[in-house]
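What's counted below: heavy atoms across the whole structure, side chains too, no hydrogens, waters or symmetry copies.
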Amino acid sequence: MSPHPTGRSRVHRSLATGLPLALAVALVAAGAASAAPADEAAHVTRTATLGDIPLGTFSNALLPGSVDNDRGVDLGGIGSDIYPAGRKGEFWTITDRGPNGQIKVDGKKRRTFPVPGFDPAIVKIRVSGDRVEVIDAIPLTTSSGKGVTGLSNQQGRDEAPYSYDAKTPLSYNPNGLDTEGIVRAADGTFWLVDEYGPSLIHVSARGKVLTRYVPKGLNLTGADYPVVEALPSVLLHRKINRGFEGLAQLPGGDLVMAVQSPLSLPNGDAGDTSLTTRLLRFSPRKQAVTAEYAYRFDPVNVVDPSEDDTSELKISSVVAVGGNRLLVEERTDKAARLQLVKLGHGSDILGGPWDDDTTSPSLEQLPDPAAAGVPVLAKRLVVDLGKVSGVPGKIEGVARVDHDTLALINDNDFGMTDGTGAFDAQGRLVDSGIETTVTYVRLPDCI
């Protein structure tokens, strides 16, 4: 992506619907993948790339005046998740909180928000040949119609927000959402998950937040939409920036949320060295969590042979594949593996001792939870994406295209990097060059 706005395409509005579209975008081409190999290994069948869309143009078409300076940043970050939109080649995606980075000041990292007016959005895309086209976009808004923004919620719990150069503090915003997973319900509304709370969010078909479900005891005040404390309080121990990231919708309408990384229970060191995280099942009809499951990562050097830091393990996507079965993505920023699990009543730990944060040792501290009597979900490896040529790094979204084909989308972080070199002397982005791509992978066997 180019860091310069000159000559770039603009987001237009559909005359028929009045909805913001990007139908005339100059897209960066990516070469199609080579033909399938002779053996029956998983292989890439198509790669498509999102072209350069100025972030200010995109955002202001959705919420006029929301962004006064995009600092040369293009639309990106839509790879937080991907969900089939019904028509062939079309998907719903979701941005995260927007361009953000980290800069050290006096030896401490500060979280920067270079475009603080950016509002997370649901983005509908179409894969056409080797291009990704934006065909619709929906801003996330409060009850009064204002953008929720992606800013940190609570002082003392979330990272303090700063300007692009880490010099100027920004205001916290209780409406802010760091959105990650997305599914669309049968009634046309959307469900999203968020890393701050962590939260499960129900939004209307046009993006208005209807309800934000958060852990009991979060005490989030001042939000301009309904906030309901309906999730287990143990989730208050989520690691910073590692709340909910994966979201799946089961055939009956129930939702499954994945905590991205092990909880910091009883402390950060325990979470950083643990291999056990949690999945939660939520009933929209009951508006309540109905089950919780212990999920065990493989060792980090199995998921990613180049990595030895267990804290780099994450779940970024969960995908329903029929019945109570899920694909679960275990990943680092460089590699990913998809595991198949089946949710069962015998694996439910909801409301037991592992939801009590005074239990010692905690679930996260157990070196072998199964040996301690915890019903850990059984899993089976479906594909090691790190061994599939042509799959990019930092895959955060997975969608099932058909019985043996997956669509993967990466998070390019809006072209951001960390450190003082992220912007030039004029405060314009020095783009990382990493593009947003949708990659189709065909598996040797049906899922």
(message) Are Lys394 and Ile434 packed together at the side-chain level, in the sense that at least one heavy-atom pair is separated by less than 4.5 angstrom?
(response) no
(message) Do the side chains of Lys239 and Asp272 get close enough for a salt bridge, i.e. N-O under 4.0 angstrom?
(response) yes
(message) Would you say the rings of Phe118 and Phe414 are close, in the sense that their centroids are separated by under 6.0 Å?
(response) yes
(request) Look at Glu133 together with Arg126 and state whether they make a salt bridge at an N to O cut-off of under 4.0 Å. (result) yes
(message) By the definition side chain to side chain contact (heavy atoms under 4.5 Å, CB included), identify the one residue from Ile82, Ile138, Ile78, Leu192 that meets it with Ile94.
(response) Leu192
(request) Give a yes-or-no answer on whether the side chains of Arg331 and Ser316 include a donor-acceptor pair shorter than 3.5 Å. (result) yes
(request) Compare all side-chain heavy atoms of Trp191 with those of Tyr83 and state whether any distance is below 4.5 angstrom. (result) no
(message) Would the distance check show the side chain of Asp158 and the main-chain N or O of Asn153 forming a donor-acceptor pair, the cut-off being under 3.5 Å?
(response) yes
(request) Provide the closest heavy-atom pair for Ser66 versus Asn60 in the form atom of the first, atom of the second, distance. (result) N-OD1, 3.0 Å
(request) Taking Thr273 for its side chain and Asp269 for its backbone only, find out whether a donor-acceptor pair lies under 3.5 Å. (result) yes
(request) Please lay out, stage by stage, how Asp298 and Arg296 fare under the test salt bridge (charged side-chain N to carboxylate O under 4.0 Å, His left out). (result) CA-CA 7 Å; Asp298 283 340; Arg296 188 83 170 158; over 6 Å; no
(request) Answer yes or no: is there a side-chain heavy-atom contact under 4.5 Å between Gln365 and Pro266? (result) yes
(request) Spell out, as yes or no, whether a donor-acceptor pair under 3.5 Å connects the side chain of Ser233 to the backbone of Pro215. (result) no
(message) With a sphere of 6.0 Å drawn around NZ of Lys208, does it hold more than 12 non-hydrogen atoms of other residues, nucleotides or ligands?
(response) no
(message) Regarding Arg212 and Tyr225, do their side chains bring together a donor and an acceptor under 3.5 Å, going by distance alone?
(response) yes
(message) Please evaluate residues Leu366 and Thr276 with respect to the criterion side-chain contact (heavy atoms from CB on, under 4.5 Å), reporting the C-alpha separation (whole Å), side-chain torsions for both, the decisive distance (0.1 Å), and the verdict.
(response) CA-CA 8 Å; Leu366 295 175; Thr276 307; over 6 Å; no
(request) Could you check if a side-chain atom of Phe297 sits within less than 4.5 angstrom of a side-chain atom of Ile315, using non-hydrogen atoms only? (result) yes
(message) I want to check something: taking the side chain as every heavy atom from C-beta on, are His202 and Pro284 in contact at a cut-off of under 4.5 Å?
(response) no
(request) Please indicate whether Gln155 has more than 12 foreign heavy atoms, meaning atoms of other residues, nucleotides or ligands, lying under 6.0 Å from its CD. (result) no
(request) Check whether any side-chain heavy atom of Phe282 sits under 4.5 Å from a side-chain heavy atom of Leu280, and report yes or no. (result) no
(request) Output yes when Asp355 and Lys216 qualify as a salt bridge under the 4.0 Å nitrogen-oxygen rule, no when they do not. (result) no
(request) For the residue pair Leu220 and Tyr196, establish whether any side-chain heavy-atom pair is separated by less than 4.5 Å. (result) no
(message) Is it the case that the side chain of Ser204 and the backbone of Arg206 share a donor-acceptor pair, with hydrogens and angles ignored and the cut-off at 3.5 Å?
(response) yes
(message) For Glu292, is there any backbone N or O sitting under 3.5 Å from a side-chain donor or acceptor partner on Asp348?
(response) yes
(message) Checking the side chain of Glu245 only, and the main-chain atoms of Glu195 only, is there a donor and an acceptor separated by less than 3.5 Å?
(response) no
(message) A side-chain contact here means heavy atoms from C-beta on lying under 4.5 Å apart; do Arg97 and Asn241 qualify?
(response) yes
(request) Establish, from distance only, whether the side-chain atoms of Asn173 and Thr149 form a donor-acceptor pair under 3.5 Å. (result) yes
(message) Any side-chain to backbone donor/acceptor pair from Asp413 onto Met416? Under 3.5 Å, distance only.
(response) no
(request) May I ask you to say whether Arg278 pairs ionically with Glu364, meaning some side-chain N is under 4.0 Å from a carboxylate O? (result) yes
(request) Would you check if the side chain of Ser59 reaches a backbone N or O of Val67 as a donor-acceptor pair within less than 3.5 Å? (result) no
(request) Indicate the ring-plane relationship of Tyr440 and Phe91, choosing parallel, tilted or perpendicular according to the 30° and 60° boundaries. (result) perpendicular
(request) Please name the pair of heavy atoms, one in Ala41 and one in Pro444, separated by the smallest distance, quoted to 0.1 Å. (result) C-CD, 4.2 Å
(message) Could you go through Asp119 and Leu62, starting from their C-alpha distance and side-chain angles, then the distance that decides it, and tell me whether this counts as side-chain contact (heavy atoms from CB on, under 4.5 Å)?
(response) CA-CA 9 Å; Asp119 186 54; Leu62 301 179; over 6 Å; no
(request) For the pair Lys88 and Glu90, find out whether any cationic side-chain nitrogen is under 4.0 Å from an anionic carboxylate oxygen. (result) no
(request) Using modelled atom types only, decide if a donor and an acceptor are shared between the side chain of Arg238 and the backbone of Pro198 within a distance under 3.5 Å. (result) no
(request) Would you check if the side chain of Thr93 reaches a backbone N or O of Val123 as a donor-acceptor pair within less than 3.5 Å? (result) yes
(request) Classify the side-chain pair Gln339/Tyr295 by whether it contains a donor and acceptor separated by less than 3.5 Å. (result) no
